[in-house]
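In what follows, a single structure is set out as structure tokens and then discussed.
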Amino acid sequence: MCGIVGYLGKRPAQPILIEGLKRLEYRGYDSAGVALCDGTRLSVVRSVGRIGNLQQRLAARGDDPSSLGIAHTRWATHGEPTEINAHPHTDASGRIALVHNGIVENYASLKEFLVGEGLAFRSQTDTEVLAQLVGYLYDGDLASAVRAALGRVQGTYGIAVISADEPGLLVAARKGSPLLIGVGDGEYIVASDPSAIVPHTDRVIYLDDGEMASITADAVRTVTLDNVPVDKTEARVELSLEQIELDGYEHYMLKEICEQPATLRNCLAGRLDVRDGRIQLGGVAAHLRQLATSGRITLIGCGTAWHAGLVGGYLFESLARMPAAVDYASEFRYRNPIIEPGTVVIAISQSGETADTLAALREARERGALVLGVVNAVGSTIARETDAGVYLHVGPEIGVASTKAFTGQLAVLTMLAMTLGRRRHMSIGMFESLLHGLSKIPDAIARALEQSDLIRGIAARNVERNNWLFLGRGLNYPVALEGALKLKEISYIHAEGMPAAEMKHGPIALISRGTPAVFIATRSEQYEKVISNMEEVRSRGGRLIVIGNEGDKQVSGLADEFIPVPEVPEPLAPMVNVVPLQLLAYHAAVIRGCNVDKPRNLAKSVTVE
Ligand code: AGP
């Protein structure tokens, strides 16, 4: 997704802007640019491709002392990834520059109006329309011109704007696309993500939708689009730099896979009390009674978060005996969902900025549902727009492919299901047994991680094969889906996940000699049936890559490739069984020379619908 960085202060802006863009690289982009103001004029430099290309352009110009600037990494929505479409965009005078995340949905009608007013356009973007509109409305007061322009905009935006005619001012505004203001010592850094701010300060002001900030050397003045002043309080960013750095790993994804024992301990810390036999989920404590008596729970999310929702749905039904629906957030929103008094919607999101999930939760709230969040990014839009929620506390997830957030989501949903179960039908004995089992999951994941070299070998032996099937039953069905998604999105090998029983209803036609079929065959109620499914594939020449419990001779004897994992209580198994699949995808991608942390076409947070 696009990244925004802006700077106003005493230091040269250029190096701060470039460093900020580099910290946002993980979000995925295809072009980049900066605009600098030296007090009298604007310089705009843009380039296609990686930020290194932009740096070369800037180096050719020599050092720039400007202490005001804005910068952007673009993930193309309107218009090809070209230099002319890259941000910043300027108005007709070239004295106002603007960077934008989001989509101006009525850009065509605005463009038609401005053309009718005699303005000419250079790019194919919606953002240039916004920049030109600000210039058209500018009469010496940049903040007023920006506010007036945004009043005509339909759609979403996070923007930063500067003008050569007001060199001591940086304007920022947001609606539907995150933006925050880092508060330094006599300097301010605007960014779409805290990781661009953390190297300079941990003091931040979060802009909310419909707010606009005028930033000068001595203050930040925030108003609504109706020019009503808004008092904003400073918050502290929890991120630390070392959490962001690679910490010696080759890729963020491998770091985040391998740190799961630690991140899961963080997620459970302060919540899981084995000694006293309790779970404390402070963020939702006030709503547990409504949750436990709700006649309808719907879990919503996208991608990996949706897979976590599927596991959550199984667990709410099996542990809490509560009906739970699971829906893609994008489908939920447009499905005219039934929301009755007492309905609870649980929005799952690592980034807390996914547009589909945000739109769906807004729809649910609009209709009176109690909306809870299971979110990783502290202070994110989804986290701030739900009625309550539980943070994952697994730290920033940089790799585009979600890994530690997935196991964190599963841990939170498991604790929630156990908590509700204990309020309903679950015996103390079962609760305490699961509590003990959950406390051991980080160790079990650590054991599963020990198979990384074995899994690299399996990847190497199979990486040339295409059209992989991922198969599991019960709680291992969503794990199969997650394994297929991981492989697809970072190694570009096509893969499909499905319930193992479903294979015989059509997909088994895909099996030919050597077709890779990844089975999750850990001990469970449906263990014997999974073995039958493995036999069906084997008898047709398929290649069995199987995740099974340590020492399981029956499964390992059937498999062409066997990956052992420790046995844990069945409701907790998805957190362990997914780890080999994460490693399999990772190693396959590395062997294929793919860009593991920044896979093609993908973004870390999809903030457009
Ligand atoms: C997962 O590996 C993908 N990167 C993607 O499916 C992701 O899970 C999805 O876009 C949802 O993101 P969120 O959890 O930040 O809302």
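Every number for a ligand or one of its atoms is a count from 1 in the order of the listing.
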Using 30° and 60° as the class limits, which term best fits the ring planes of [X] and [Y]: parallel, tilted or perpendicular?
X: Tyr391; Y: His393; answer: tilted
X: Tyr328; Y: Trp306; answer: parallel
X: His87; Y: His100; answer: parallel

Within the 4.0 Å heavy-atom shell around [X], which atoms of ligand 1 are there?
X: Ser402; result: 1 (C), 2 (O)
X: Ala401; result: 2 (O)
X: Thr304; result: 1 (C), 2 (O), 6 (O), 8 (O)
X: Val400; result: 2 (O), 4 (N)

Would you mind reporting whether Ile520 and Leu581 have side-chain heavy atoms less than 4.5 Å apart?
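Yes, close enough: below the 4.5 Å cut-off.
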Looking only at heavy atoms of Cys302, does any of them come nearer than 4.0 Å to an atom of ligand 1?
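True for this residue.
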Tell me the contacting part of Lys486 for ligand 1: side chain, backbone, both, or neither, using a 4.0 Å heavy-atom threshold, strictly below.
side chain
Taking [atom] as the reference point, the nearest protein heavy atom with its distance:
atom: atom 6 (O) of ligand 1; result: Gly303 CA, 3.2 Å
atom: atom 10 (O) of ligand 1; result: Val606 CG2, 4.1 Å
atom: atom 13 (P) of ligand 1; result: Thr354 OG1, 3.3 Å

Taking distance alone, with N or O pairs closer than 3.5 Å, would you say Gln409 contacts ligand 1?
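Between Gln409 and ligand 1 (N or O atoms, distance only) the closest approach is not under 3.5 Å.
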Per atom 2 (O) of ligand 1, closest listed option by heavy atom (Gln350, Glu489, Lys604):
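Of the listed residues, Glu489 has the closest heavy atom.
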